[in-house]
Amino acid sequence: MKRINLAICGATGQVGQVMLDILKDRDFPISTLRLFASSRSEGKQIQFSNSHFSGTVSVEDMDKQTPEALRRIDVAIFSAGGSASKKYAPVFARAGIIVIDNSSAWRKDPEVPLVVSEVNPRDLGLLFDGAGYSKSRSDELAGLKQKRLVANPNCTTMVAMPVLSPLHRQKQLLRLVISTYQAVSGMGVVGVNELCESTEHIIEQDARKLTTNVQAVDFLNPVKFSTTIAFNVIPYAGNLVDDGKLETDEEQKLRFESRKILHAANLRVEGTCVRVPVFTGHSLSIAAEFASDITPQEATEILKSAEGVEVLGSADVSQVARSLEAKVGSGVETSSEGARAGCEVAGVPTPQLSTDKNPSFVGRIRQDYSLEGADPELNPTTGKLNKKGLKLFVCGDNLRKGAALNTIQIAELLIERL
């Protein structure tokens, strides 16, 4: 693989640091490395080393860059927030650099591919189809001779796509109802710090008091969150969108991005995004409806061969029965031996399991009996039950695959085209 001149914008941030770790882990073929951040980090020295590049890199101020100063860079990976991407990505693009942007700034742009490396890598062809950005655009990209932007999906969408895409290809998704359980690191270092400080403050007062009397404990005033996040869940992740739908932008991203990535314009998507007291690892409870019948066993076999997916547990009903018969407690959660047996056959993805791992973990794959004509108890005389629905639970590291890893995988896909 040939080496390229790479830049990381937002290099000193939470995701930027993970990107640097992944570049080392994957031995990314770097010829030169430039690191950018805000003026606060200018001059900071960062040591980086893999088999292609080794040295101490001085962080540069993004605000001081001009197209002329950036000319030798091939690819720039942005993880500096939406406003920074809107301001600086066109500067990099005008210097002839391909920008892989990790913010929401360009995802809805029809001329910018939104890519998950395992799902729709062919969409990167938009960058090399000979067309530039339309001259009707009012932004700084208008009139550029070649497209230079790739968008990275939202971290929650990212975790789901490697799992949903292979199922969609074979059975055609019609509808998704998703509840997300999103870690505080999705809100940056300040979110992590607030959870840590709030939890420590409560534990010092004996958190067991919360079992019967929430007033028995003094809570710290929330700063980043709408209410306390420690020992709590908040059914409100993101910001409320002022369009009358009473949805947050996180919930709307799920809908729009799923449609764009899967090329499924008519896919019906409903989401409820919840913030939970977990440091890293986003989780999704998914009810999926398909155009064709699909059983948990079929889904398991499809997903076992899917790139970027790790399947937990078994959907074999007979295996479940044999396993639980042999265990004390018959799989009841309160019996440790039985609970472990139940987890082994059902498959239990957790945020802790997914942290610092690359795949999306999927388990609890079951038939969805809430669809019309699907429940055998409600349709005992029906010859053929509706088997077009599945329920599954997915977890993934929101900082790693959900943000940093996919941008680097996109860069790897682009190398031979540069």
Side-chain angles (χ1 to χ4, degrees), residues 1-82 84-85 87-103 105-106 115 117 121 124 127-128 146 148-152 188-189 356 358 397 399-418:
M1 189 177 287
K2 63 185 178 184
R3 297 189 300 165
I4 65 169
N5 301 317
L6 182 70
I8 305 292
C9 302
T12 58
Q14 188 173 239
V15 174
Q17 293 299 300
V18 177
M19 286 178 178
L20 290 170
D21 290 341
I22 294 173
L23 289 169
K24 295 176 186 177
D25 294 344
R26 296 176 75 87
D27 201 25
F28 189 90
I30 298 171
S31 179
T32 63
L33 178 64
R34 292 177 68 180
L35 303 178
F36 299 93
S38 68
S39 58
R40 295 189 305 274
S41 298
E42 185 179 15
K44 181 178 180 180
Q45 303 294 301
I46 294 180
Q47 177 66 37
F48 180 89
S49 180
N50 66 15
S51 70
H52 302 283
F53 177 92
S54 180
T56 300
V57 183
S58 182
V59 176
E60 302 176 58
D61 183 354
M62 285 180 65
D63 209 33
K64 294 180 179 178
Q65 304 310 311
T66 63
E68 292 71 28
L70 302 169
R71 290 290 180 194
R72 292 191 61 227
I73 298 171
D74 298 311
V75 174
I77 300 176
F78 270 62
S79 190
S85 291
K87 180 177 181 180
Y88 298 113
V91 176
F92 279 68
R94 288 195 172 279
I97 301 164
I98 292 181
V99 174
I100 305 170
D101 183 48
N102 194 38
S103 78
W106 307 98
V115 175
S117 61
L124 292 173
L127 301 175
F128 306 99
Q146 188 178 357
R148 293 287 177 180
L149 281 179
V150 184
N152 204 49
V189 174
D356 202 30
N358 291 343
D397 186 324
L399 299 180
R400 197 169 178 87
K401 178 57 180 177
L405 175 62
N406 194 63
T407 59
I408 293 165
Q409 289 173 313
I410 290 171
E412 291 170 346
L413 290 169
L414 290 172
I415 284 175
E416 294 305 319
R417 302 289 298 268
L418 294 173

Between Ile415 and Phe28, is the side chain to side chain contact (heavy atoms under 4.5 Å, CB included) condition met? List the steps. CA-CA 10 Å; Ile415 284 175; Phe28 189 90; 3.9 Å; yes
Determine whether more than 12 heavy atoms belonging to other residues, nucleotides or ligands lie under 6.0 Å from atom CZ of Arg71.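 Counting neighbours around CZ of Arg71, more than 12 heavy atoms of other residues, nucleotides or ligands fall under 6.0 Å, so yes.
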To check you understand the geometry: which heavy-atom pair defines the closest contact between [X] and [Y], and what is its length?
{"X": "Arg34", "Y": "Ala69", "value": "NH1-O, 2.9 Å"}
{"X": "Ala411", "Y": "Ile100", "value": "N-CD1, 3.6 Å"}
{"X": "Arg148", "Y": "Ala93", "value": "CB-CB, 3.7 Å"}
{"X": "Leu70", "Y": "Gln65", "value": "CD2-OE1, 3.7 Å"}
{"X": "Ser49", "Y": "Ser54", "value": "OG-OG, 3.2 Å"}
{"X": "Ile97", "Y": "Ala76", "value": "CG2-N, 3.5 Å"}

Minimum side-chain heavy-atom gap [X]-[Y] below 4.5 Å:
{"X": "Phe53", "Y": "Leu6", "value": "no"}
{"X": "Phe78", "Y": "Leu149", "value": "no"}
{"X": "Leu20", "Y": "Leu35", "value": "yes"}
{"X": "Asp63", "Y": "Lys87", "value": "yes"}

Side-chain donor-acceptor contact under 3.5 Å, Asp61 with Ser39: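 Note: Asp61 and Ser39 side chains miss the donor-acceptor criterion.
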Distance-only polar pair, side chains of Thr407 and Asn102, donor-acceptor under 3.5 Å: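 Their side chains do not contain a donor-acceptor pair, so the 3.5 Å distance test is not met.
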Arg400/Asp25 salt bridge by N-O under 4.0 Å criterion: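 Yes, this pair counts.
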Taking [X] for the side chain and [Y] for the main chain, is one N or O donor matched with an acceptor at less than 3.5 Å?
{"X": "Gln45", "Y": "Gly43", "answer": "yes"}
{"X": "Gln146", "Y": "Leu127", "answer": "yes"}
{"X": "Asp27", "Y": "Ser51", "answer": "yes"}
{"X": "Gln17", "Y": "Ala11", "answer": "yes"}
{"X": "Arg3", "Y": "His52", "answer": "yes"}
{"X": "Asn5", "Y": "Asp74", "answer": "no"}

For the side chain to side chain contact (heavy atoms under 4.5 Å, CB included) test, which of Leu23, Val15, Ile408 pairs with Ile8?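 Among the candidates, only Leu23 passes.
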When rounded to the nearest 0.5 angstrom, what is the spacing between CZ in Arg40 and CD in Glu42?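 Between Arg40 CZ and Glu42 CD, I get 12.5 Å after rounding to 0.5 Å.
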Take Ile46 and Thr12 through the test side chain to side chain contact (heavy atoms under 4.5 Å, CB included) and record every step on the way to the result. CA-CA 9 Å; Ile46 294 180; Thr12 58; 4.2 Å; yes
Report the C-alpha separation of Ser117 and Lys401 in whole Å, then their side-chain angles, then the decisive distance to 0.1 Å, and conclude whether the side chain to side chain contact (heavy atoms under 4.5 Å, CB included) test is met. CA-CA 10 Å; Ser117 61; Lys401 178 57 180 177; 3.5 Å; yes
Are the ring centres of Tyr88 and Phe36 closer than 6.0 Å?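 No - the distance between ring centres of Tyr88 and Phe36 does not fall below the 6.0 Å cut-off.
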